[in-house]
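In what follows, a structure is listed as C-alpha cells, so that the remarks can point back to it.
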Amino acid sequence: MDNVIEIRGIIRDFKLGQETVHVLKGIDLEIERGEYVAIMGPSGSGKSTLMNLLGCLDTPTGGSYILNGSDVSTMTDDELAEIRNKEIGFVFQTFNLLPRTTALDNVALPMIYAGTSKANRNKRAAEVLTDVGLADRMDHKPNQLSGGQRQRVAVGRALVNKPSIILADEPTGNLDSKTSVEIMSLFDDIHASGNTVILVTHEEDIAAHAHRIIRLRDGIIESDIKR
Ligand SMILES: Nc1ncnc2c1ncn2[C@@H]1O[C@H](COP(=O)(O)OP(=O)(O)O)[C@@H](O)[C@H]1O
Ligand SMILES: [Mg+2]
C-alpha cells in the first residue's frame with residue numbers, strides 16, 4: 001500500500017490561560033496516494049486544526065505523522081518549512097494571495113524558496129496559470145480579479161512545486177454557487193491527473209466530488225466512508 005499520509009493517535013491541545021482545550025482527541029488516519037477525500041463536520045469540530053497539522057503548518061501535542069515516508073511529528077520548524085514547500089499545496093478559503101503582486105508572481109513565489117531560477121520560475125508559473133484557465137490574466141493583481149479567478153491563482157500556487165498532497169480548507173466558502181462548481185471541476189481535474197486531494201467543506205454537494213468522506217465530531221473521527 002502506498003500511503004501518502006499515516007497518522008496515529010494525533011492529539012492537539014491548546015493552552016488558553018490556565019485552561020487546556022482538547023481539540024483533536026486521538027485521530028488515526030491513512031490516506032493513499034491518489035485519493036480524493038472530503039473532511040466534513042460541524043463548526044468547531046477540529047477540521048481546520050487537522051488540516052493545519054496535515055499541511056505541516058502546525059505540530060501535534062501527541063501522536064505521530066508520517067508524510068510521504070518521513071516522520072514529520074518530530075521535525076524542527078526549519079525542516080517543516082522545507083517539507084511544506086516541497087510536499088504540500090495549501091488552498092485557503094480566503095485565497096491568501098499577496099495583494100500588490102501579479103498572478104504570475106504569486107504563483108512563482110513557492111519556487112523562490114525551492115531555489116528555482118527566475119527564467120524557470122516564470123516559465124513554470126505561466127504553464128500552471130494556463131492549466132488553471134488564467135492564460136490571459138497573468139499580469140493582473142488580485143484586486144483586478146474575481147473571487148473565482150483569485151482562487152484559481154491560489155490553486156496554481158498550490159500546484160506549482162508538484163506537491164504530494166493538495167489540501168484545501170473550505171476552498172469554495174467565499175464563492176457563489178456557480179463559481180464553486182467551476183472551482184470543484186478544477187479540483188476534479190487535479191485529482192484525475194493523479195494528485196492526492198483533501199478538502200474541507202460544509203456542503204454535501206461539494207463533498208460528493210470526493211471518493212471518501214471523513215466526518216469529524218468533537219475532535220474524533222465519527223465516520224469514514226469510501227465509495
Ligand atoms: N490556536 C488556538 N487556540 C485555542 N483554541 C483553538 C485554536 N485553534 C483552534 N482552537 C479551537 O479548536 C476548536 C476547533 O477549531 P477548528 O479546527 O478551527 O474547527 P473547524 O475548522 O472544524 O470549524 C475550536 O473550539 C477552536 O476554538
Ligand atoms: Mg475551519
Side-chain angles (χ1 to χ4, degrees), residues 5-31 35-65 67 72-78 80-81 84 87-97 147-148 150-151 154-155 157-158 163 165-177 179-180 183-184 186-187 190 196-226:
I5 288 175
E6 287 185 9
I7 70 178
R8 294 272 175 274
I10 285 281
I11 289 169
R12 184 65 172 105
D13 297 335
F14 292 104
K15 286 234 167 1
L16 276 182
Q18 305 282 60
E19 257 183 272
T20 301
V21 190
H22 304 286
V23 175
L24 297 180
K25 300 172 179 169
I27 304 259
D28 296 314
L29 182 62
E30 291 181 359
I31 294 179
E35 279 198 271
Y36 194 175
V37 182
I39 298 178
M40 302 192 76
S43 183
S45 56
K47 304 181 297 297
S48 292
T49 302
L50 178 60
M51 289 293 270
N52 292 341
L53 290 169
L54 294 179
C56 301
L57 294 165
D58 186 25
T59 45
T61 310
S64 67
Y65 177 15
L67 168 62
V72 295
S73 29
T74 56
M75 283 187 180
T76 64
D77 286 352
D78 284 352
L80 274 181
R84 194 162 60 229
E87 305 277 2
I88 310 282
F90 214 119
V91 176
F92 300 89
Q93 180 175 355
T94 51
F95 323 133
N96 292 15
L97 301 173
R150 288 180 205 187
Q151 196 59 302
V155 170
R157 180 183 57 189
I165 48 177
I166 312 290
L167 299 170
D169 193 351
E170 305 203 32
T172 63
N174 276 8
L175 303 175
D176 61 48
S177 55
T179 311
S180 298
I183 291 294
M184 287 315 297
L186 184 57
F187 280 110
I190 290 167
T196 310
V197 176
I198 306 172
L199 60 88
V200 169
T201 181
H202 274 112
E203 292 169 64
E204 297 288 345
D205 57 335
I206 299 283
H209 286 252
H211 303 152
R212 176 176 177 187
I213 299 183
I214 295 168
R215 288 174 202 274
L216 287 187
R217 180 173 295 274
D218 206 14
I220 58 166
I221 292 179
E222 180 185 53
S223 68
D224 181 350
I225 295 168
K226 288 189 200 184

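Counting starts at 1 for both ligands and their atoms, in listed order.
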Look up atom CZ in R84 and atom CG in L57, then write down how far apart they are to the nearest 0.5 Å.
5.0 Å
Show every donor-acceptor pair shorter than 3.5 Å between a side-chain atom in residues 45-55 and any protein atom, with sequence neighbours excluded, or say none if there are none.
{"unit_1": "S45", "atom_1": "OG", "unit_2": "P42", "atom_2": "O", "d": "2.6"}
{"unit_1": "K47", "atom_1": "NZ", "unit_2": "G41", "atom_2": "O", "d": "3.0"}
{"unit_1": "K47", "atom_1": "NZ", "unit_2": "P42", "atom_2": "O", "d": "3.0"}
{"unit_1": "S48", "atom_1": "OG", "unit_2": "D169", "atom_2": "OD2", "d": "2.6"}
{"unit_1": "N52", "atom_1": "ND2", "unit_2": "S48", "atom_2": "O", "d": "3.3"}

Any protein N, O or S atom under 2.8 Å from the Mg ion (ligand 2)? Found S48 OG
Which heavy atom of T172 sits nearest to which heavy atom of S180, and what is that distance?
CB-OG, 3.4 Å
N or O contact, V23 vs ligand 1, cut-off under 3.5 Å:
no
Polar proximity ligand 1 side, V21 side, N/O cut 3.5 Å exclusive:
no
Stepwise salt bridge (charged side-chain N to carboxylate O under 4.0 Å, His left out) check, K25 with E222
CA-CA 12 Å; K25 300 172 179 169; E222 180 185 53; over 6 Å; no
Let me see the working for Q93 and Q151 under side-chain contact (heavy atoms from CB on, under 4.5 Å), right down to the final yes or no.
CA-CA 8 Å; Q93 180 175 355; Q151 196 59 302; 5.9 Å; no
Is the shortest distance from a heavy atom of G41 to ligand 1 less than 4.0 Å?
no
Would you call I198 and I5 a side-chain contact if the rule is heavy atoms closer than 4.5 Å?
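SC-SC contact between I198 and I5 confirmed.
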E30 side chain reached by R8 side chain, heavy atoms, under 4.5 Å:
yes
[atom] [closest protein heavy-atom partner, distance rounded to 0.1 Å]:
atom: atom 4 (C) of ligand 1; value: F14 CB, 3.4 Å
atom: atom 25 (O) of ligand 1; value: G44 O, 4.3 Å
atom: atom 18 (O) of ligand 1; value: S48 CB, 3.6 Å
atom: atom 17 (O) of ligand 1; value: T49 OG1, 2.6 Å

Is the side chain of T179 donor-acceptor paired with the backbone N or O of G148 at a distance under 3.5 Å, no angle test?
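No; zero donor-acceptor contacts below 3.5 Å.
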Just by distance, no angles: are the side chains of H211 and E35 close enough, under 3.5 Å, to form a donor-acceptor pair?
no
Show the atoms of ligand 1 that are less than 4.0 angstrom away from any heavy atom in G46.
14 (C), 17 (O), 19 (O), 20 (P), 22 (O)
Under 4.0 Å from a heavy atom of P42: give me the atoms of ligand 1 that qualify, with their elements.
22 (O)
Identified side-chain contact (heavy atoms from CB on, under 4.5 Å) counterpart of V91 within the set L199, V155, V197, I183:
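One option only clears the test, and that one is V155.
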